[in-house]
Amino acid sequence: MLDKFITPVIKPLLTPVVMLMHKRGITADQLTVVGFLVGLLAVPLLAFEMWYGALVAIALNRILDGLDGALARYANQSSSAGGFLDITLDFLFYAAIPLGFILANPEQNAIAGSLLLATFIGTGSSFLAFAISAEKFKLEKPQFKYKSFYYLNGLTEGTETIALFIAFCIWPQHFAVMASIFAIACGITIFTRIHGGYHTLKQQEADANKAAENVPSSANSEVIND
């Protein structure tokens, strides 16, 4: 929900760093992999209740995630392969953080953490499934034209999720409550994405079928007129 407002603010701030990285020969895919590995360090840190160390790892992961896309665009290296790598590792990272809190305190966090992971699967799958069909129909990406695939909006997006992870690290004793509330918000996102995505694609299919039906009839009328 907040991504479309936050992204334009952050984007210009990354330019000087991106220019320096490009001069050093660093590639976007290298940043993606390094960022993912740094993010995974949060899991053992969380398991051993080193909350602020985990917070640093999470923050670095998100910074590098912002830089990899900016670097790809600056260096004209944007590709479907890079987009695939980026989003796949992003979702693995998102799933790893609740796991870390479950490992830290299974008795208190297991149910809420599992519920959050289940809804993460729902938001992720609805997001990616629509992106595949959006590519088929060549749908425009009005809010995220620079992305390698269609971004379907929702109540819980990247900005909200990272804010949640930060809150988890600052107030770990309230993980179960915050995770449960966010899982409900994710549920709303899942519903709106399925509902909106389904009807959007149904309309696209109807329009495509109508256009296909009109082509032969137009061709026949031209033959008759001749």
Side-chain angles (χ1 to χ4, degrees), residues 1-11 39 58 61-62 65-66 68-69 80 83-102 109-169 171 174-211:
M1 184 173 68
L2 298 177
D3 284 8
K4 61 184 178 182
F5 303 109
I6 298 296
T7 301
V9 175
I10 296 177
K11 191 176 177 182
I58 291 170
N61 170 273
R62 292 297 86 198
D65 182 68
D68 64 0
S80 296
F84 166 77
L85 180 67
D86 180 60
I87 196 63
T88 301
L89 297 186
D90 272 354
F91 278 116
L92 288 172
F93 165 75
Y94 289 144
I97 302 306
L99 175 61
F101 282 94
I102 292 172
N109 296 338
I111 294 177
S114 298
L115 179 62
L116 184 60
L117 284 172
T119 56
F120 276 179
I121 292 174
T123 56
S125 60
S126 59
F127 173 91
L128 295 175
F130 185 85
I132 294 170
S133 298
E135 182 67 22
K136 173 184 176 182
F137 289 109
K138 305 299 180 183
L139 296 183
E140 294 184 359
K141 301 173 280 188
Q143 294 168 341
F144 300 100
K145 292 181 181 295
Y146 55 88
K147 295 293 187 180
S148 56
F149 48 83
Y150 194 99
Y151 265 53
L152 185 62
N153 292 338
L155 181 61
T156 54
E157 297 176 341
T159 302
E160 293 82 5
T161 304
I162 298 309
L164 176 74
F165 289 172
I166 293 172
F168 283 165
C169 293
W171 301 288
H174 300 304
F175 170 85
V177 173
M178 291 188 288
S180 298
I181 293 173
F182 199 78
I184 294 172
C186 286
I188 296 172
T189 295
I190 295 167
F191 173 79
T192 56
R193 281 181 175 172
I194 292 175
H195 182 272
Y198 175 82
H199 287 287
T200 297
L201 295 176
K202 286 286 287 185
Q203 185 61 51
Q204 290 294 322
E205 289 174 344
D207 292 344
N209 291 335
K210 185 177 180 180

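Quick caveat: nothing in here was measured; it's all calculated off a predicted structure.
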Atom pair CG (N61) and CG (D90), whose distance is rounded to the nearest 0.5 Å:
7.0 Å
Pairwise side-chain contact, F101 with C169, heavy-atom cut-off 4.5 Å (strictly under)
yes
Approximate separation, where rounding is to 0.5 Å, of F91 CZ and I121 CD1:
11.0 Å
If you count heavy atoms of other groups shown closer than 6.0 angstrom to CG of L92, is the number above 12?
yes
Salt-bridge present (R62, D65; N to O < 4.0 Å)
yes
Would you check, one step at a time, whether the test side-chain hydrogen bond (donor to acceptor under 3.5 Å, both in side chains) holds for N209 with E205?
CA-CA 6 Å; N209 291 335; E205 289 174 344; over 6 Å; no
Listing, residues 176-183 side-chain donor-acceptor contacts under 3.5 Å, not counting sequence neighbours, or none:
{"from": "S180", "atom 1": "OG", "to": "A176", "atom 2": "O", "distance (Å)": "2.8"}

Non-hydrogen side-chain atoms of I97 and F93 separated by less than 4.5 Å:
yes
Is the ring pair H199/H195 parallel, tilted or perpendicular, if the boundaries are 30 and 60 degrees?
tilted
Could you pull out the closest heavy-atom pair between F165 and Y94, with the gap in Å?
CZ-O, 3.6 Å
When you measure from the side chain of T88 to the backbone N and O of L85, does any donor-acceptor pair fall under 3.5 Å?
no
Spacing of CD1 belonging to I184 relative to OG1 belonging to T119, to within rounding of 0.5 Å
10.0 Å
Which heavy atom of F120 sits nearest a heavy atom of P98, and at what distance?
CE1-CG, 3.9 Å
Is there a side-chain contact between I194 and F130, using heavy atoms and a 4.5 Å cut-off?
no
Nearest 0.5 Å please: distance from the CD1 atom of I166 over to the CD1 atom of I58.
8.0 Å
How many angstroms lie between SG in C186 and CD in E160, if you round to the nearest 0.5 Å?
9.5 Å
Could you give the distance from CZ (F127) to CD1 (I190), rounded to the nearest 0.5 Å?
13.5 Å
